Amino acid sequence: IMVAPAAAQWIVYDPTNYAQNVLQAARALQQINNQITSLQNEAQSLINQARNLASLPHSSLQQLQRSVQRTQQLLTEAQNIAFDVGEIDRAFETTYG
């Protein structure tokens, strides 16, 4: 026995919905292109920064390292001074209350 397809199986084409879907896809593609461009710009920036760092003379690096070491020494001294002041303050309070 052959059964005829029901009339409800017709394909409906909605041009308005199709146009909205195409516009939405175009906007999504544009956002992706913008993100790709942004990533390319960031990559180029990192490459430029690497070139700038590589071109620094070795003596500059040594000077920066010395400055960092001196700063660390000064911070340690400052912490010791703060500790000493705290100890003196406690001794004064104990002695002279």
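Keep in mind the model is a prediction, meaning the values are calculated, not measured.
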Query - Any Glu42 side-chain heavy atom under 4.5 Å of Ser38 side chain - result: yes
Query raised in the report: Can any side-chain N or O of Thr71 pair as donor or acceptor with the backbone N or O of Ser67 at less than 3.5 Å?
Result: yes
Taking only distance into account, with no hydrogens and no angle test, what donor-acceptor pairs under 3.5 Å do side-chain atoms of residues 18-31 form with protein atoms, sequence neighbours excluded?
{"residue": "Asn21", "atom": "ND2", "partner": "Asn17", "partner atom": "O", "Å": "3.4"}
{"residue": "Gln30", "atom": "NE2", "partner": "Asn34", "partner atom": "OD1", "Å": "3.1"}

Query raised in the report: How many angstroms lie between OG1 in Thr76 and CD in Gln72, if you round to the nearest 0.5 Å?
Result: 7.5 Å
